[in-house]
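Just so you know, residue 1 is the first one in the sequence shown, and it goes up from there.
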Amino acid sequence: MGFEAEKQSIVSVGQIGDSSSGEISSEKQPLIKENHHSPENYSVLAAIPPFLFPALGALLFGYEIGATSCATISIKSPKLSGISWYNLSSVDVGIITSGSLYGALIGSIVAFSVADIIGRRKELILAAFLYLVGAIVTAVAPVFYVLIIGRLMYGIGVGLTMHAAPMYIAETAPSQIRGRMISLKEFFTVLGMVGGYGIGSLWVTVTSGWRYMYATIIPLPVIMGIGMCWLPASPRWLLLRSLQGKGNVERLQQAAIKSLRRLRGSVVVDSAAEQVNEILAELSSMGEDKEATLGELFQGKCLKALTIAGGLVLLQQITGQPSVLYYAPSILQTAGFSAATDATRISILLGLLKLVMTGVAVIVIDRLGRRPLLLGGVSGMMISLLLLGSYYIFYNTVPAVAVVALLLYVGCYQLSFGPIGWLMISEIFPLKLRGRGISIAVLVNFGTNALVTFAFSPLKELLGAGVLFCGFGVICVVSLFFIYFIVPETKGLTLEEIEAKCL
């Protein structure tokens, strides 16, 4: 299709013309008025890079979790730390462990302010830069406070990544595989975690091994940054800027056409302008051309989206996920494992289980849908938590109960809340408020994670492990009601259809 034809197609956003290639429906109405939309054409090879480079940020997030659990062992060792300030207090170790979490909270706040201005692609480039600097500063830190600065910088990169990566993938992936792609991002997080445990176990017996743990990952942020510089901006972000008059309208729309062609491959060369025309028509019909205000986040369909996203990530954390994993070594120790010699192996075992179950979710999520996996997975979590609580109250002479409950919990979490929480927050918000909405959801996620992690030990001493795990099980029951009555099914819908039909 030539330049003039493209230009004519863009200007006439109210009409959707026929496609001579036969790849686009010939209906003259916006797609949101149809009961079913035509499948989006795409090339598999073209769809890989827009997922892969943002997903590297998730892998770096997971690696940090695994590596830090080993680094705290190395850095406290008088013989192996290689430093004079190894005699760290429990508070110091807690600051090292949670430093990236606090950085992620800062990153979420920063994303709220700048995400819709600089776009998803540039936000991920900034995240890659912060990952790189944070890893270098942490690896070469001569004193404790420099180490903490490195951890905070790395954490800010985590916050930006977990905000921008699901958004970029959701806005660039074809609707038929969007669920699979975003769930694969969670797979990369778990893969990074397992890699962090594995590489950490290799360096943990080496002098200054904690430095090598963080230095090992340095090439990946470089690859991520170069990859994001090469990828195009999200076409939907470009079209939002165009509709709201933030830049040269014609140039932004032409950039969106070029972006879509790169993201979908040669199969849409002729129809890219028409697809852009369809997206523009749908966005215009839903009022996306108007400048969003902060107050709109708490009104109408934006409030509903915020309730769904915020509720999912809140329940994702307060159903005990950080606490159960924290308590895993002692649970397995009661079954005959030695905490001193097998802690890393146990962590790798659990990581592999998480990896396998996330892989299952990736395979079935676009076939079964979001709600069935959420309802089934959270039901399994509820059963496992009640079993775990019963073990500590009634069956503490039968450690197999605790082990089975732990493995069931980890598996069910990775089928449900693990991947689907991030998937839903990336696709549920209207485009003009997606950046701010997701930043609030990410802030709730990391903030609740920090709260649950730090409240677990005192609550365990106050209530006992059995009562605490049963309490998490009760919260799972509340989660089931929330999912059943509030959370919509978005399987197979375009982002514009989700806004029109589910909100």
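- Shortest non-hydrogen contact noted between Leu373 and Leu415 is CB-O, 3.7 Å.
- Considering every non-hydrogen atom in both Val204 and Leu80, the closest pair reads O-CD1, 3.6 Å.
- Residues in residues 162-171 take part in these side-chain hydrogen bond (donor to acceptor under 3.5 Å, both in side chains) pairs, two or more places apart or across chains: Arg120-Glu171, Glu123-His163, Glu171-Ser234, Glu171-Arg434.
- Counting only distance, with no hydrogens or angles, the side chain of Asn445 and the backbone of Val442 share no donor-acceptor pair below 3.5 Å.
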Fill in: Worked verdict on Leu407 versus Leu350 for side chain to side chain contact (heavy atoms under 4.5 Å, CB included)
CA-CA 8 Å; Leu407 297 178; Leu350 288 175; 4.0 Å; yes
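- Residues Val313 and Thr448 fail the side-chain proximity criterion, which asks for heavy atoms closer than 4.5 Å.
- With rounding to the nearest 0.5 Å, the separation of CD1 in Ile365 from CE in Met181 is 11.5 Å.
- The aromatic rings of Phe144 and Trp85 lie perpendicular to each other, with more than 60° between the two planes, well past the 30° mark.
- Ring centroids of Phe188 and Phe51 are separated by less than 6.0 Å, placing the two rings close together.
- Residues Cys412 and Gly377 approach most closely at CB-O, 3.2 Å, considering heavy atoms.
- At least one donor-acceptor pair closer than 3.5 Å links the side chain of Thr494 to the backbone N or O of Glu497.
- Looking at heavy atoms from C-beta onward, Phe53 lies in side-chain contact with Leu56 at the 4.5 angstrom threshold.
- Nearest approach of Thr319 to Leu385, heavy atoms of both residues: O-CD1, 3.4 Å.
- Here the OG-CG distance, from Ser384 to Leu406, works out to 8.5 Å after rounding to the nearest 0.5 Å.
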Worksheet item: Step by step, would you call Ile96 with Leu88 a side chain to side chain contact (heavy atoms under 4.5 Å, CB included)?
Response: CA-CA 10 Å; Ile96 293 173; Leu88 300 171; 3.8 Å; yes
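- In this structure a side-chain-to-backbone donor-acceptor pair under 3.5 Å is missing from Ser74 to Ala71.
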Worksheet item: What do the steps show when you test Met381 against Gln321 for side chain to side chain contact (heavy atoms under 4.5 Å, CB included), and what is the final call?
Response: CA-CA 10 Å; Met381 288 168 59; Gln321 188 261 349; over 6 Å; no
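- Within the 3.5 Å criterion, the main-chain N or O of Ser69 finds a donor-acceptor partner in the side chain of Thr72.
- Summarising the geometry, atom OG belonging to Ser100 is positioned 9.5 Å from atom OH belonging to Tyr131; distances are rounded to the nearest 0.5 Å.
- The two residues Trp210 and Ala141 come nearest to each other via the heavy atoms CH2-O, 4.1 Å.
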Discussion item. Between Phe112 and Ile109, is the side chain to side chain contact (heavy atoms under 4.5 Å, CB included) condition met? List the steps.
Written reply: CA-CA 5 Å; Phe112 183 88; Ile109 295 170; 5.6 Å; no
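- Residue pairs meeting the side-chain hydrogen bond (donor to acceptor under 3.5 Å, both in side chains) criterion with at least one member in residues 473-492, sequence neighbours excluded, are Arg370-Thr490, Glu427-Thr490.
- Remark: Leu124 CG to Thr161 OG1 distance equals 6.0 Å, nearest 0.5 Å.
- Under the 4.5 Å side-chain criterion, counting only non-hydrogen atoms from C-beta, Tyr413 is in contact with Gln316.
- The shortest distance between side-chain heavy atoms of Thr189 and Leu59 does not fall below 4.5 Å.
- Here the side chain of Arg121 pairs a donor or acceptor atom with the backbone of Met228 at under 3.5 angstrom.
- Atom CD1 in Ile182 sits 9.0 Å away from atom CD1 in Ile425 (nearest 0.5 Å).
- Residues Tyr63 and Ile199 meet the side-chain proximity criterion, which asks for heavy atoms closer than 4.5 Å.
- Residues Leu386 and Met382 meet the side-chain proximity criterion, which asks for heavy atoms closer than 4.5 Å.
- Between Pro166 and Ser426 the shortest heavy-atom distance is O-CB, 3.4 Å.
- Panel note: side chain Arg151, backbone Ser98; no donor-acceptor pair is recorded below 3.5 Å.
- In this structure, Val158 and Tyr154 have side chains that are in contact, with non-hydrogen atoms separated by less than 4.5 Å.
- One distance of note links OG1 of Thr216 with CG of Leu202; it measures 9.0 Å at 0.5 Å rounding.
- Other residues, nucleotides and ligands place more than 12 heavy atoms under 6.0 Å from the CZ atom of Phe482.
- Side-chain contact check for Tyr86 versus Ile75: every heavy-atom pair is 4.5 Å or farther apart.
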